[in-house]
Amino acid sequence: MEEQLDFEIKTSKDDLLKTFEEWLKDSQTYHDHLLQFQKISEEYYKGNQTERDAIRARETANSDTVENRIFEAVETIVPIVTQKAHQFIVLPGSENEKSVERANNTQKVLSRKYETIEMQKKLETVTRHLLLYRFGCMKWEWGYKQDDVDVKVVDPRLILVPRMRLDPHDLPYKIEIQEYSKKEMEEYWPDFDIDKLSTEERVDLGGTATNRRKCYRVYEVWTPEMVAWFCSKKLLEKKSNPYYDFKGEEQSYIQKTKKGAKISKKLVFSNIFDRPTDPYVFFTTYNIGDEPFGSTSLVEVGISIQDAINVQKRKIIDNLRRMGNGQVYMDSDAMSKEESDNITDEVGLIIRGEGLASQGKMKRDPGVPLPNAHFSNLTHSEAVFDNVMGVHSATRGNAQAKTLGQDIMSRQQDFTRVDLITRVLNRGVARVAVGLVQLMKMYYTETQVVKILGEEGAVEFVNLNKDDIEDYIEIIVKSGDNLPLDKISLRTEAVQLWQLGALDPVTLFERLEFPNPAKAAERLMAWKQGQLTQETQAKIAEIAASAKFGAEFAPKEVGTPTGESGKKVETPMNVLQRSTANLGGSAPSLPQAPKL
């Protein structure tokens with residue numbers, strides 16, 4: 001920890017270089033330890049499994065079949081955990097209306113930037129890295145070429161950190177290996193004499209030798225307070241953390257005193273962060289606390305089971321080949337050795353020899369089939385693999401259950417397994433979102449006009465500059481459900497909500513994936529209105545007929561319509577009017593006189 005004191009912006013070049021070399025030596029050991037597992041996982045992902053290349057090199061008749069369940073599992077998990085885009089909520093720093101409006105604009109711009117920098121696509125890559133390399137890495141930054149915020153995915157195999165029992169975001173330093181051509185070096189560091197630097201081979205990440213061209217290897221070293229670049233044991237450049245406002249800007253304000261008001265000045269810092277931080281965001285899981293990143297990866301856990309599957313599949317294929325082309329037994333006097341050596345497994349091959357057919361001097365042994373226990377073991381290995389990876393047949397799109405309900409339950413069980421990965425992505429995106437707003441707070445010196453497409457297709461233009469991003473705002477990241485429901489579940493849920501009267505027709509048809517939900521809802525309402533009119537007319541006719549029938553057979557009263565006792569008498573017209581009112585019309589309630 002004492003070495004950190006020698007890596008500050010005021011530290012001399014020689015001391016910075018000395019500290020860097022010690023950090024590089026310390027972190028290189030941990031990097032190489034991770035790299036050996038990362039290379040194996042990548043090879044298994046690409047299909048080079050269970051000594052496949054070694055079997056091919058021996059040029060034997062043995063099968064080199066690979067049932068690549070690892071690739072299948074990874075590419076099943078990736079679209080599941082990245083399917084639903086994240087949503088951002090920006091809470092205002094104060095209660096006034098202007099603050100709420102500014103927070104809403106910040107929220108809209110942040111959501112739009114999520115789309116324009118293709119975060120969903122980059123999260124797909126990060127998820128693959130997480131599953132293969134034990135961790136994924138993103139870096140939020142200011143893109144000087146596009147003059148706007150940006151996020152890039154960093155290959156985990158190019159990251160060097162110390163092996164400490166800390167959250168990776170709390171590590172004292174991070175080193176990123178970067179590779180540049182001579183033209184790029186002259187562009188990024190024009191004041192440095194490039195001829196004093198030496199080139200090296202590209203970092204060995206397990207690729208082919210054809211990709212090992214010479215380049216300038218640059219180490220970008222970050223601490224919360226500063227960043228520096230080293231190449232060929234020389235310091236290229238150092239600067240204070242460019243993503244944190246250390247200086248501030250002097251602003252005037254009116255201060256009220258007992259004697260009146262006076263103009264005062266104060267330093268205003270353009271920061272969302274409470275303290276400086278580096279721009280790296282790490283995604284990792286399966287950590288038992290011995291190191292900053294995961295102690296294993298999901299792919300590493302599945303490799304031994306993948307080997308068992310491949311070995312058993314190869315034995316089946318080898319056995320089938322032997323059964324189809326079994327051993328041949330032949331008497332020595334049937335033909336010469338030279339003639340027997342020329343016998344092949346060609347289809348329709350005719351073999352001639354003395355007494356081969358008539359005297360039975362030749363016979364074929366088809367071979368012994370594998371026992372059923374072998375196939376049971378293969379099925380068990382595949383089931384164990386699916387259990388470990390959390391991707392059963394229904395999740396992979398190969399439903400095999402007897403009922404739809406069983407398939408849905410199987411998928412939901414898998415979703416609970418991979419839900420951990422979804423939560424890791426959510427936490428990482430939350431850090432990225434705060435970093436992007438920090439960049440906006442610092443670099444949006446001029447008003448940015450962002451076009452946003454609303455739900456109804458209307459285009460909204462949102463203006464935002466650094467002054468619109470207030471202090472003490474809070475950014476919340478939501479991804480809706482941790483894992484998306486399958487289409488059948490969504491449709492079932494929509495129908496149930498519709499039956500309960502808790503869903504409007506347009507949303508219902510959207511959930512049911514109608515091509516034009518609004519038009520379908522309009523046609524539904526028109527149909528229901530026509531049906532209601534027909535039903536109303538039928539009920540009115542039925543009530544009128546009943547009233548007429550009752551009037552003909554009812555006892556007749558003598559005197560006024562109200563009767564001798566002063567009580568009002570209900571006439572058929574009263575019945576018709578009240579029935580009409582119940583169906584949407586209007587009618588007086590008894591004991592008022594009827595409207596004739």
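- Aromatic ring centroids of F273 and Y244 lie 6.0 Å or more apart.
- The pair R128-E75 counts as a salt bridge, with a side-chain nitrogen and a carboxylate oxygen less than 4.0 angstrom apart.
- Of the possible polar contacts, none joining the E470 side chain to the A103 backbone as a donor-acceptor pair under 3.5 Å is found.
- Here R102 pairs with D468 in a salt bridge; the nearest charged N to carboxylate O distance falls below 4.0 Å.
- By the 4.0 Å N-to-carboxylate-O rule, E115 lies close enough to R112 to be salt-bridged with it.
- Using modelled atom types and a 3.5 Å distance limit, the side chains of K466 and S270 yield a donor-acceptor pair.
- Under the 4.0 Å criterion applied to side-chain N and carboxylate O atoms, R69 and D386 are assigned as salt-bridge partners.
- A salt bridge does not link E43 with K39: every distance from a Lys NZ or Arg NE/NH1/NH2 to an Asp or Glu carboxylate oxygen is 4.0 Å or more.
- Checked for salt-bridge contact, D14 and K18 miss the test: no charged N lies under 4.0 Å from a carboxylate O.
- The closest donor-acceptor contact from the side chain of K139 to the backbone of V154 lies at 3.5 Å or more, if one exists at all.
- Under the 4.0 Å criterion applied to side-chain N and carboxylate O atoms, K145 and D150 are not assigned as salt-bridge partners.
- Residues Y173 and F7 place their aromatic rings such that the two centres sit no closer than 6.0 Å.
- For K441 and D245, the salt-bridge test fails: no basic side-chain N is under 4.0 Å from an acidic carboxylate O.
- Counting heavy-atom neighbours within 6.0 Å of K233 NZ, excluding the residue itself, gives a total of 12 or less.
- The environment of Q146 atom CD is dense: over 12 non-hydrogen atoms of other residues, nucleotides or ligands sit within 6.0 angstrom.
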